[in-house]
Amino acid sequence: MLRQGVLLTSEGSTWGLERSQDERGSSVMNYKQWLAEQLAGQLEGVTLETIEELIEYPPNPQMGDLSLPCFKLSKQLRKAPQAIAEELKAKWVAGDSVQRVDAVSGYFNVFLNPAQFASEVITEVLKKGERYGSQELGKGKNIVIDFSSPNIAKTFHIGHLRSTVIGKALYNIFEFMGYNSVGVNHLGDWGTQFGKLIVAYKLWGEQSKVEAEGIDELQRLYVKFHDEADTKPELEDEARAWFVKLEQGDAEAEKLWRWFVEISLKEFHKMYDLLGVTFDSYAGESFYNDKMAAILDELKAKKLLEEDEGALLVRLDDYNMPPALMVKKDGGTLYHTRDVTAAIYRKNTYDFEKAIYVTDAGQSLHFQQWFKVIELMGHDWAKQLQHVPFGKVSLEGAKLSTRKGNVIHLEELLAKAIEKTREIIEEKNPNMENKDEVARKVGVGAIIFNDLSNNRIKDIVFSWDEALNFEGETGPYVQYTHARACSVLRKAGVEGDKPEAAAIDAELLTNAEAQGVVRELYLFKERVEQAMHKLEPSIVSRYLVDLAQSFNRFYHECPILVDDQAVRAARLALVQSVRITLKNGLRLIGLEAPEKI
RNA sequence: GUCCUAGUAGCUCAGUUGGAUAGAGCAACGGCCUUCUAAGCCGUGUGUCAUGGGUUCGAAUCCCUUCUAGGACGCCA
């Protein structure tokens, strides 16, 4: 299991465990590590790593800023937890960094010097700017992220949105942690459905209509095929025949196929442009057509393939899994075959440290199976493959189904969100310039954030009301907070990212509201790292809400543009730090941060 | 039938990898704009953490039982 990058191991065999030189240095603030260093000498036989792992943030500020629960040390030291805490308190050497320490019911609590805490955090944020929170954990390492991967000739609906936004967020997070992310859109551009589509098009389709209406028309044809095939099963045979022709390079079949792909991509790109998503590779299923034979030969050579009822499969009984079908009895390949082939291709091409697949949880078994096949082929990098599953989206209880037409088109959803945003702007900020641009950024942001605000694995029941709610824990709330901070800075005449941080008197930021903000700012780096380890973008989304809440509280309680220049400067530095951190976080999860909304 | 995942406030969800009184948002009600963006802030309250057991100094968290929901389970992806 992946762990936080606080443990030093001898080999660093698991990615993310290693730490850069920069991180070990005391110049970069890491209070858990720092406290562990202070305490290590005081506890005989307890390693620094053990202590650092135990240190936690107390649930509320009255208990301090950092805490060491002494219960686990109790056995080893053969002392009561409270006694250990008392001892640490007695031995504590006073210094500038810490205001006081305390021993409470088995916890050793540390209260940081609030002024110094504020000063260090703000200095760090302003110094790093748009790199604040970033790390170099993955320097020189590639991460391949397979995401979005829609099917050609099928509408891009809210089901695809999840893979797209989760994948994109992970892409950004890995980049931010120093990795080189490779985004792969594994297009569903091959398979028997193209036989069906060709048949349907030839029977009922019109070129002009397909050109005018794009995927919608292709999908209508596809649905019609299934309706008709219920009563005319011979259509299925025709479809199979056309797919065989396509596989054999038949000119007419290939021309139609290319056309369907082209039309579909055009529409996908409209969505990707709106969402701000790009890919490094569009190598879809068809890309592997000529590469699977070699893999099948390899499987045969390694005696992994077994024939059963005319099909070829890899037995996985020993691993408590059903067999992985590799070749159909008609000789056709299957998605196992393609995924295995693609993984090997990607390993050879990108030499990845990790390859992750962002798909719905329903495919979990499929991934388990072919990951095992890779392992059985003798590839020790099988453990670098990871499925990132997410829950299903349903519509008021009913399952989404392309065939039944029970879908919400992403295009429609985004359009509605943008329209609603536009109305709100018209009402609240009618004199603003770039209303359309801002409406797009906020409307789209609301939809993305909504999809990223829960744990991936949770099923989502789609609700228009919730998706278009812009209050509370939402994207617009965070963006609004950012714009609010921008507005104050604008009025104050602060320009650029770096006002003179050194000049501030941090004693003026020791009140509860300011400290609440400082604490959140400090947590950013840790949260992003955690989001990477758990492959969970929602950690960043929720963090942003926490930061925004703490800032809004501060904003409400502490007037910023006051006459007292020292107070004004100190508070402005804090506002600037919040602005930077909000923007960095929003960018990570794929949201823009307009300066006015 | 086998396996996987989930079950926390009326609703949607967090819960720092086993720690201190289980927290937010929404919805409801009440307050706050002559002052920096009210998409905001403050206040009012609700929990057999599905269930029964076990491990532990300590469990929403780990193990087992049962229940409920969803999903997967050889020629679709």
Side-chain angles (χ1 to χ4, degrees), chain A residues 1 3-4 53-54 56-60 63 67 69 71-72 74-75 80-81 104-107 109 149 151 188 190-193 285 308-313 320-330 332-336 338-339 359-366 368-369 389 391-392 394 399 421 424-425 427-429 442 446 453-455 457-461 463 465-466 469-481 483-492 523 526-527 530 533-534 538-539 542 545-546 548-549 552-553 555-562 571 575 596-597:
Chain A
M1 200 51 220
R3 317 173 67 167
Q4 299 225 7
E53 239 202 353
L54 286 174
E56 59 190 30
Y57 303 113
N60 79 58
M63 298 168 177
S67 180
F71 308 97
K72 278 185 183 132
S74 183
K75 226 170 243 172
V104 184
S105 51
Y107 292 87
N109 292 336
S149 307
N151 289 325
W190 202 252
T192 46
Q193 73 268 26
E285 295 177 359
D308 193 67
E309 296 173 30
L312 296 177
L313 48 78
N320 199 25
M321 283 188 278
L325 263 285
M326 303 302 291
V327 181
K328 295 189 280 188
K329 66 181 169 197
D330 68 3
T333 54
L334 288 139
Y335 67 139
H336 276 127
R338 239 177 312 274
D339 276 337
T359 83
D360 72 279
Q363 298 185 44
S364 293
L365 176 61
H366 163 67
Q368 303 274 332
Q369 287 178 299
K392 278 209 155 44
S394 59
K399 222 176 117 179
T421 309
I424 295 173
I425 292 172
E427 177 196 327
K428 307 197 182 225
N429 214 344
V442 176
S453 55
N454 294 342
N455 277 341
I457 201 67
K458 297 267 183 188
D459 288 337
I460 292 181
V461 177
S463 140
D465 282 350
E466 277 181 43
N469 171 35
F470 296 172
E471 286 163 23
E473 300 169 330
T474 66
Y477 170 74
V478 178
Q479 289 171 318
Y480 172 80
T481 307
R484 202 179 215 187
C486 287
S487 175
V488 177
L489 293 166
R490 202 183 308 124
K491 291 228 158 80
L523 287 174
E526 239 177 75
R527 291 293 177 81
Q530 196 188 2
H533 284 225
K534 294 175 86 165
S538 66
I539 291 173
R542 284 196 298 268
V545 169
D546 289 343
Q549 284 176 340
N552 281 322
R553 223 164 280 145
Y555 177 90
H556 189 261
E557 293 299 319
C558 308
I560 296 151
L561 301 177
V562 292
R571 289 181 176 167
V575 175
K596 295 181 186 172
I597 77 172

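Between the side chain of T481(A) and the main chain of Y477(A), a donor-acceptor pair closer than 3.5 Å is present. The backbone N or O of I457(A) lies less than 3.5 Å from no partner atom in the side chain of N455(A), so there is not a single donor-acceptor pair. Side chain of Q369(A) to backbone of P323(A): a donor-acceptor contact under 3.5 angstrom is found.
Among the heavy atoms of the strands, none lies under 4.0 Å from V545(A). Base contact: L561(A) has a heavy atom under 4.0 Å from a base atom. Residue contacts for P322(A): at a heavy-atom cut-off of 4.0 Å it reaches the sugar-phosphate backbone alone, with no base atom in range. Looking at heavy-atom distances under 4.0 Å, I457(A) makes contact with sugar-phosphate atoms alone, never a base. Residue K491(A) is in sugar-phosphate contact alone, with no base atom involved, counting any heavy-atom pair closer than 4.0 Å across all strands shown. The residue S487(A) sits close to a base: some heavy atom pair falls under 4.0 Å. Within the nucleic acid shown, F470(A) comes within 4.0 Å of at least one base atom, counting heavy atoms only. S67(A) comes within 4.0 angstrom of a nucleotide base, judged by non-hydrogen atoms across all strands. Using a 4.0 Å heavy-atom criterion, one finds that D465(A) contacts no nucleic acid atom at all. Heavy atoms of I539(A) sit nowhere under 4.0 angstrom from any nucleic acid atom. Residue contacts shown for G362(A) are limited to sugar-phosphate atoms, with no base heavy atom under 4.0 Å away.
Comparing R338(A) and E471(A) along RNA chain B, the residue whose closest nucleotide (by nearest heavy atom) sits nearer the 5' end is E471(A). Map A311(A) and S538(A) each onto its nearest nucleotide of RNA chain B; the residue landing nearer the 5' end is S538(A).
Rounded to an integer number of Å, the gap from K72(A) NZ to U56(B) P is 15 Å. A straight line from CG of L365(A) to P of C76(B) spans 16 Å, rounded to a whole angstrom. Rounded to a whole Å, the CZ atom of R571(A) is 18 Å from the P atom of U35(B). Rounded to whole Å, the distance from CD on E557(A) to P on C36(B) is 16 Å. Distance D546(A) CG to G15(B) P: 11 Å, rounded to the nearest Å. Taking atom CD of residue Q549(A) and atom P of nucleotide A14(B), one finds them 15 Å apart after rounding to whole Å. Here U37(B) presents its C1' atom at 13 Å from CD1 of I425(A), a figure rounded to the nearest Å. For the pair R553(A) CZ and C42(B) P, the computed distance is 5 Å after rounding to whole Å.
The gap from the P atom of A14(B) to that of U21(B) amounts to 24 Å, rounded to the nearest Å. U48(B) and U8(B) have their C1' atoms separated by 12 Å, with the value rounded to a whole Å. Comparing the P positions of A59(B) and G18(B) gives a spacing of 14 Å, expressed to the nearest Å. For the C1' atom pair drawn from A9(B) and U44(B), the interatomic distance equals 15 Å after rounding to whole Å. G15(B) and G23(B) are spaced 15 Å apart, taking the P atom of each and rounding to whole Å. Straight-line distance between the C1' atoms of U56(B) and U61(B): roughly 13 Å, to the nearest whole Å. Of the P atoms belonging to G45(B) and G25(B), the separation is 15 Å, rounded to the nearest Å. Annotation: C64(B) and C4(B) have their P atoms spaced 10 Å apart (nearest Å).
Annotated as syn: G74(B), whose glycosidic dihedral is within 90° of 0. The glycosidic torsion of U16(B) lies more than 90° away from 0, which places this base in the anti conformation. In C33(B) the O4'-C1'-N dihedral to the base is within 90° of 0, which defines a syn nucleotide.
Judged purely by distance below 3.5 Å, without hydrogens or angles, the side chains of D459(A) and S394(A) never pair a donor atom with an acceptor atom. Residues Y335(A) and Q363(A) have side chains that never bring a donor and an acceptor to within less than 3.5 angstrom of each other. Side chains of S538(A) and N454(A): a donor-acceptor N/O pair is absent below 3.5 angstrom, by distance only.
Regarding contacts with the backbone of U37(B), every side-chain N or O of R490(A) stays at 4.0 angstrom or more from both OP1 and OP2. Within the 4.0 Å cut-off from OP1 or OP2 of A6(B), not a single side-chain nitrogen or oxygen of K392(A) is found. Using a 4.0 Å cut-off, no side-chain N or O of R484(A) falls inside it from OP1 or OP2 of C36(B).
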Using a cut-off of under 3.5 Å, enumerate the N/O to N/O pairs linking the protein to nucleotides 11-13 of chain B.
{"unit_1": "C13(B)", "atom_1": "OP1", "unit_2": "D459(A)", "atom_2": "O", "d": "3.4"}

Dump the pairs, protein N or O against N or O of nucleotides 30-33 of chain B, anything under 3.5 Å, distances to one decimal.
none

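P559(A) meets the side chain to side chain contact (heavy atoms under 4.5 Å, CB included) test with V562(A), R571(A); sequence neighbours excluded. Residues that satisfy the ring-ring contact (aromatic ring centres under 6.0 Å, His included) test with F470(A), not counting sequence neighbours, are absent from this structure. Every residue two or more places apart in sequence or in another chain was checked for a ring-ring contact (aromatic ring centres under 6.0 Å, His included) with Y480(A), and none qualifies.
Residues T359(A) and H366(A) are not in side-chain contact: their nearest non-hydrogen atoms beyond the backbone lie 4.5 Å or more apart. Residues I425(A) and I597(A) are not in side-chain contact: their nearest non-hydrogen atoms beyond the backbone lie 4.5 Å or more apart. Annotation: side chain of L365(A) is in contact with side chain of P322(A) (closest heavy-atom distance under 4.5 Å). A heavy-atom distance below 4.5 Å is not found between the side chains of Q549(A) and N552(A).
Checked against A38(B), U16(B), A20(B), the side chain of M63(A) finds its nearest nucleotide in A20(B).
Summarising the geometry, atom CG belonging to L312(A) is positioned 14.0 Å from atom NE2 belonging to H336(A); distances are rounded to the nearest 0.5 Å. The line from OG1 of T333(A) to CE of M326(A) is 9.0 Å long, rounded to the nearest 0.5 Å.
Residue side chain N320(A) does not reach the base of U2(B) through any donor-acceptor N/O pair under 3.5 Å, judged by distance alone.
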Treat a base pair as Watson-Crick or G-U wobble with both distances under 3.5 Å, then lay out RNA chain B in dot-bracket form, 5' to 3', with | for cross-strand pairs. (((((((..((((.....[...)))).(((((.......))))).....(.(((..]....))).))))))))....
